[in-house]
2 protein chains.
Amino acid sequence: MKNITTPATTVERLPLYYRYLQKMDSQGVEVISSKELGDGLGIPSTQVRKDLSYYGEFGRRGVGYEVSDLMKNLERILGLDNNWEVVLVGAGNLGQALVNYGGFKKLGLDISYVLDIDPDKVKSNLGNAQVYSMKELRRVVTDNDIRIGIIAVPSEVAQQVADELIDGGIKAIWNFAPIHLRVSEDIKVRDEDLSIGLISLSYYLSN
Amino acid sequence: MKNITTPATTVERLPLYYRYLQKMDSQGVEVISSKELGDGLGIPSTQVRKDLSYYGEFGRRGVGYEVSDLMKNLERILGLDNNWEVVLVGAGNLGQALVNYGGFKKLGLDISYVLDIDPDKVKSNLGNAQVYSMKELRRVVTDNDIRIGIIAVPSEVAQQVADELIDGGIKAIWNFAPIHLRVSEDIKVRDEDLSIGLISLSYYLSN
DNA sequence: TAGATTGTTAATCGATTAACAATC
DNA sequence: TAGATTGTTAATCGATTAACAATC
């Protein structure tokens, strides 16, 4: 294991490997080769091996990777064993869809707190999470020591929400508002801009 | 304009430029420099100019880019002037959120048809779209000559839905199911795997 | 041993960035 | 002309892939 920075693209693929291993594991597969893993995801086996090699040597030459072992290693690498609690701001259509998205809990990630400006939504429940008033944002984040926040509010208020989240102690933001958030260096922002997906398909059809 | 293939990363940024120009345009801005455009999006001005240069020369040296002119060029490049009709398969939480997502119509993209397996949802309306039965999938796609499909169904049925969409004439798929779709070379698939976003934040917090 | 598959090096390919002549 | 900003070349940086020795 060399001390080289991991490519950003590798980090994007690790979750795919992890989820495919979960699937194989549930089907009783005990050992998998980089070829089989890659084929299941449309990724070359060379790339699978290279990606994993940034973190250690998890396979056996001539044999392959033990599924349960590699899963545990990926859980550790991805930090999924932290069982992060996540706060979601904005309980509109998209926010509700995220809360009810089944995929997160299987990954040790849990949207535990939801905030919304609409008083009708406050004091009700959404999935497993209770909905709080926007005024309680800072308190909810601080009191529960939450590090990950999701922004699913209109663009106009996204920056303000980000500032408040960070003020409360949030270190990583998943931003669905189609706007560039200005945050300090130590805050990680991941933009999930849904219209890019559809526009890029339009582009490919036209070219 | 050289005959070089455009980087995939450039295509991802064009929608950002376009939307930022829309915003500036609505604020009455008539001319914008690559520096201003880039600063608004967190992208270096050099990259803005390079990206645009793959498609032509849209600016004036010493001056900048005329907002309305560059917007029109980007509309053409991105194919937004085609006013694509889009079919959405799966009217669950995520599907509903997508239909109600305001950002698409402003871009000349319209989710006009929605299909779902649940008979209760069929014959009702969702946004502007009517909901059809899954059995009508092929017919809806073919009759309306639709090229873009969105898959928002559970993973287990995603491949089958993809096959049917393609059979009906779909050429581009926006896939929200966390599974690798197997399609022929001429079909463009864009995966939008929502759990990757959250997992990658977990990764960055742990490293 | 023969066959399979890993981990890693080196080569290739692709994307970003710096620098600057062209020009408004 | 002086200042600003584009479009483009060349250099740098980063990611993928091919090839293969190591080894089960």
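Residue numbers begin at 1 in each chain, while the letters A, B, ... track the order of the sequences.
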When both hydrogen-bonding distances must be under 3.5 Å and the geometry is Watson-Crick or G-U wobble, what is C:dT9 paired with, if anything? D:dA18
Are B:Q47 and C:dT17 close enough that a side-chain N or O sits under 4.0 Å from OP1 or OP2? yes
Taking the side chain of B:K50 as heavy atoms from C-beta outward, which of D:dT8, C:dT8, D:dT5 is closest to it? D:dT8
Indicate whether OP1 or OP2 belonging to D:dC24 is found under 4.0 Å from a side-chain N or O atom of A:Y65. no
According to a strict under-4.0 Å criterion, is A:R49 in side-chain N/O contact with OP1 or OP2 of D:dA22? no
Among the candidates C:dC24, C:dT17, D:dT16, find the nucleotide nearest to the side-chain atoms of B:V63. C:dC24
Pair A:L70-A:L74, side-chain contact (heavy atoms from CB on, under 4.5 Å): steps then yes or no: CA-CA 6 Å; A:L70 186 52; A:L74 284 172; 4.3 Å; yes
Select base, sugar-phosphate, or nothing to describe what B:S34 touches, counting heavy atoms under 4.0 Å on all strands. sugar-phosphate
Could you grab the distance from atom CD of A:E36 to atom CG of A:L41, nearest 0.5 Å is fine? 12.0 Å
Check every strand shown and say whether A:K35 touches a base, only sugar-phosphate, or nothing at a heavy-atom separation below 4.0 Å. nothing
Closest approach of B:A158 to B:I151 (non-hydrogen atoms, all atoms of both residues): O-CD1, 3.9 Å
By the 4.0 Å heavy-atom rule, please label A:T9 as base, sugar-phosphate, or nothing. sugar-phosphate
Would the base of C:dG7 count as contacting A:R61 through its side chain, where contact means a donor and an acceptor less than 3.5 Å apart? no
Nearest 0.5 angstrom please: A:Y18 OH to A:D25 CG, how far? 9.0 Å
How would you label the contact of A:R60 with the nucleic acid (heavy atoms, under 4.0 Å): base, sugar-phosphate, or nothing? sugar-phosphate
